[in-house]
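Just so it is clear, the structure is predicted and the values come from calculations on it, not from any experiment.
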Amino acid sequence: MALQKGGLVFVKIKYHIITYIICVCLIFLLVSFISVSNKQNGVFHFAAINELTESDLISESLVLLMSSEIPQLKQNLNENNINSPDFSSLMFAFTSGITPKNFTSLLELELPGMKSFSNGVHLQGSDSELTAMPVESPPPDFDKLLKEDGSDNQSEQEGETTQETSDAEVFIYHSHAWEAFLPLLDDEEKKPSEASSTNNKENIVLAGSMLADQLEKRGVNTLHDKTNVTASLNEKGWGPGNSYEFSRQSVKEVMSSNDNVSYFIDIHRDALRKDQTTVTIDGKDYAKLFFIVGVGHEDYEKNLKFAKELNNQIEAKYPGLSKGIYEKSKSEGNGVYNQDISGRSLLIEFGGIDNNREELSNTAEVMAEVLSEHQKDAEKVNNTD
């Protein structure tokens, strides 16, 4: 009987030892997995894991666990005047999302976009106030837009930017082509939330036409897509939420038919009011620019580099015209914006709902100047290579 009990005890001990070894191995595998860099682990790398490894809360929790098992670590932290994490504070942060002694963490829960702003990594440039961050307009009333008369668009489509696709070097398009400007609308009673139109003389397509024409004047062959996105989405049975999926098809069609296009510019307009989207430089009024870089794909750094080059050129010649660069992840929207297709792809906010034709035209001229200079510099580098 005693022998049988001894055998059972041995089995239990063996079971616990095996379980402990397996757990340790799994922990080591997990640590190894999440610590592999994005470049080395392109298949199993997830944004969520990346956020966890960069989280101060997770880091402090790991330090707390390690210091409880390794007394020397806790002693070393104290000797270097580093406060070791407190268990009660960590539990409070985990359950509430609020970090004790950090008032900003409370604001992050209540104010949209505050977390991105407080991280200090999204905004770059001189105009880095929280209130100046990009704001997207609410989805338009598609039924109302579909009833609009689009006859004014026909003359524009036939009269401007008629370059052959095979000659184009820059492709300008509009995922949200309905975004309009209040000063250009016939209806003065329209509210800011109603600033939508399929008329290309009133919406963001006008800014695209201005930029395309200025690029052509500088010898840069440009293709400008003036598609009525509202009608095209409706034909497919899609809605505003499918706008980037639709524009992606346009981008791919251009790429497949033209090897020369290397710049892909998706032009939008901000929903902020005029005091946040207008600047006066040397007596001229301009619609401010804001470069949006989607970081929801692996190659976003190429687009970020491209945005920084353009932003620096503008800041050097027209300080204050650019609001800077805003990096958007999938947690803040689409997160990709078709920028994974090309390293020279950008989404640019061109002014806001209150900007007028003159302000848009002045900005289009500057943007064309910068883009043409960038394109010529790129050509020189390619020819040298």
Between [X] and [Y], is there a donor-acceptor pair closer than 3.5 Å when you use the side chain of the first and the backbone of the second?
| X | Y | value |
| --- | --- | --- |
| K328 | G296 | no |
| E179 | A195 | no |
| E194 | K191 | yes |
| N203 | A177 | yes |
| N362 | D285 | yes |

Check your understanding: For the residue pair H268 and Y244, does the interplanar ring angle fall in the parallel (under 30°), tilted (30 to 60°) or perpendicular (over 60°) class?
Key -> parallel
**Study point:** Mutual orientation of the aromatic rings belonging to H297 and Y300 [parallel < 30°, tilted 30-60°, perpendicular > 60°]
**Key:** perpendicular
**Study point:** Lys/Arg-Asp/Glu bridge criterion (N-O < 4.0 Å) met for E301, K305
**Key:** no
Point to revise | Ion pair check, E359 and K274, cut-off under 4.0 Å | key: yes
Practice item. State whether the number of non-hydrogen atoms from other residues, nucleotides or ligands found under 6.0 Å of Q249 atom CD is greater than 12. Key: yes
Check your understanding: Can you name the salt bridge (Lys or Arg N to Asp or Glu O under 4.0 Å) partners of R218, sequence neighbours left out?
Key -> none
[Y] and [X] side chains, donor-acceptor separation under 3.5 Å:
| X | Y | answer |
| --- | --- | --- |
| N338 | S247 | yes |
| S175 | R248 | no |
| Y286 | E358 | no |
| Y263 | H374 | yes |
| E148 | T198 | yes |

Practice item. May I have the step-by-step check of side-chain hydrogen bond (donor to acceptor under 3.5 Å, both in side chains) for N199 and S197, ending in yes or no? Key: CA-CA 5 Å; N199 188 331; S197 175; 5.3 Å; no
Review point. Hey, quick one: are I172 and I348 part of the same hydrophobic cluster, counting side-chain heavy atoms closer than 4.5 Å, chains of contacts allowed?
Key: yes
Check your understanding: What do the steps show when you test F181 against I204 for side-chain contact (heavy atoms from CB on, under 4.5 Å), and what is the final call?
Key -> CA-CA 8 Å; F181 299 91; I204 191 61; 3.7 Å; yes
